[in-house]
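Worksheet: the structure to be examined is printed underneath.
Computed from heavy atoms alone, side chains included, the values below leave out hydrogens, waters and symmetry copies. As the structure lists them, so they are numbered: ligands from 1, and atoms in each ligand from 1.
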Amino acid sequence: MATLPELPDLPELARLRSLAGVKWTRYSPDVLPAWVADMDLPPFPGAVDAVRDLVERGDFGYSFAATAALPEAYATWQRESHGWAPDPAEVRVFCDVLQAVDAALMLRTAPGDGVVLLTPVYPPFFRVVESVGRRVIDCPLEPGTWTLDRERLESVIDDRTTAILLCDPHNPTGRAFTRDELDAIAGVAERHDLLVISDEIWSDLVFAPGEHVPFASLGEDAAGRTVTVSSASKAFNLAGLRCAVAHVGDARLRDGLAALPDHLLGAVGTPGAVAALAAWTGGREWLEGTRAFLSGQREHAAERLADRLPAIGVTIPEATYLLWLDMRALGLGDDPAAWLLEHARVALSPGPDFGPHGRGYARLNLATSRSVLDAILDRIEGVLR
Ligand SMILES: Cc1ncc(COP(=O)(O)O)c(C=O)c1O
């Protein structure tokens, strides 16, 4: 077997290995992690300052101001970033994105109902649908381009399909769906009276010249049947702080949420709320720099792989910091990530976790320093060339 290249003595490795998060603790220290969607870059400094201020004041008493300010801050951020002006009165704060998805499915669909997923897709989507007793309706995207197959979408819907759970921008493929594709989905949703749950957590990481089109901005019908879920956690690197929002355009869901016992869904902790508020009120310049850096990472990785390992099929992401690698031609079986973990000591996300159409694929997280990314690619190339 090929020997692994020596790990360069990178200064950032000491900081990364000191972190308590799952990314750097799940595997042994000889493994370079590029799996879970956390960034190795330090989080948005404005959010760090906001949390530090709380800590320095010892300000851990009951506090509702930041949470109460989030709907307005999110609405303003959306208007200024994506030209969509949601009504802050229809925005509700959640502890995380999947909590809002669970609530929407439980309140607006019935056991046995079908929920469409555009696959391969973010693994917890399968679990949230199945754990509430709904059925996954699989609608695969076109392999390679990961575009929407409109006829397939129309054809998979049965008479018990009541919702579609979108991920736009799309994890793991990095697609930012076009207005045309979203219009086609909106047409299907209207014809079949579907609830649209649009997970737009990656919306602030779309690379120019692409744009993010909020689903609820497509028109009146779309706005009235959509719940848009989001968080500052991906773009500003705050996932451990647990804070998300949902714009509930669907009136029946708003009523359903309003009727729940006050404490059933819990409340966000102050650190999560102040950090998200700092991001959506002062994070634009930092975000632009981060996006430019991540754009460079995707180009660099795609060029290196095309040059040195052309057997891997790479779709350059239009959004996200995720690279979806088609490794089917390499003969590594259904789960190339497992093979790479064993032989290259790099941890990618296993393709099959993203559904049956992820077999033979792996997902690589690009959000690290250029040197760590190069060390990861050196290891992959070292065992595969
Ligand atoms: C599409 C998508 N939705 C939701 C999440 C998780 O959201 P949260 O930070 O609220 O846990 C992720 C995390 O990677 C994601 O990719």
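- Note on ligand 1: F94 sits outside its first shell, no heavy atom being nearer than 4.0 Å.
- Between R52 and D49 there is a salt bridge, since a side-chain N of the basic residue sits under 4.0 Å from a carboxylate O of the acidic one.
- Counting protein heavy atoms only, atom 6 (C) of ligand 1 is closest to Y122 OH, 3.2 Å.
- Here the heavy atom of the protein found nearest to atom 7 (O) of ligand 1 is I201 CD1, 3.2 Å.
- Taking 4.0 Å as the cut-off between side-chain N and carboxylate O, R225 and D250 do not count as a salt-bridged pair.
- Relative ring orientation between Y74 and W84 is described as perpendicular, the plane-to-plane angle rising above 60° on a 0-90° scale split at 30° and 60°.
- Between F177 and H170, the angle of the ring planes goes over 60°, which puts this pair in the perpendicular group of the 30/60° scheme.
- Every atom of ligand 1 is numbered from 1 in the order shown, and the set under 4.0 Å from a heavy atom of V97 is 4 (C), 7 (O), 10 (O).
- For C167, the closest heavy-atom approach to ligand 1 falls below 4.0 Å.
- Of the options R242, K234, E200, H170, the smallest heavy-atom separation from atom 11 (O) of ligand 1 is shown by R242.
- Using the six-membered ring where Trp is involved, F64 and Y62 have ring planes that are parallel, under 30° apart on the 30 and 60° scheme.
- A salt bridge links R242 with D96: the closest approach of a Lys/Arg side-chain nitrogen to an acidic carboxylate oxygen falls below 4.0 angstrom.
- Within ligand 1, counting atoms from 1 as listed, the ones closer than 4.0 Å to a heavy atom of S233 are 9 (O).
- A salt bridge links R304 to D374: one of the charged nitrogens lies within less than 4.0 Å of a carboxylate oxygen.
- Listed by atom number, the atoms of ligand 1 under 4.0 Å from A37 heavy atoms are 14 (O).
- Both the backbone and the side chain of D96 come within 4.0 Å of ligand 1, counting heavy atoms alone.
- Not a single heavy atom of Q99 sits less than 4.0 Å from an atom of ligand 1.
- Between R345 and D30 a salt bridge is recorded (basic side-chain N to carboxylate O distance below 4.0 Å).
- With a heavy-atom cut-off of 4.0 Å, D199 touches ligand 1 through its side chain alone.
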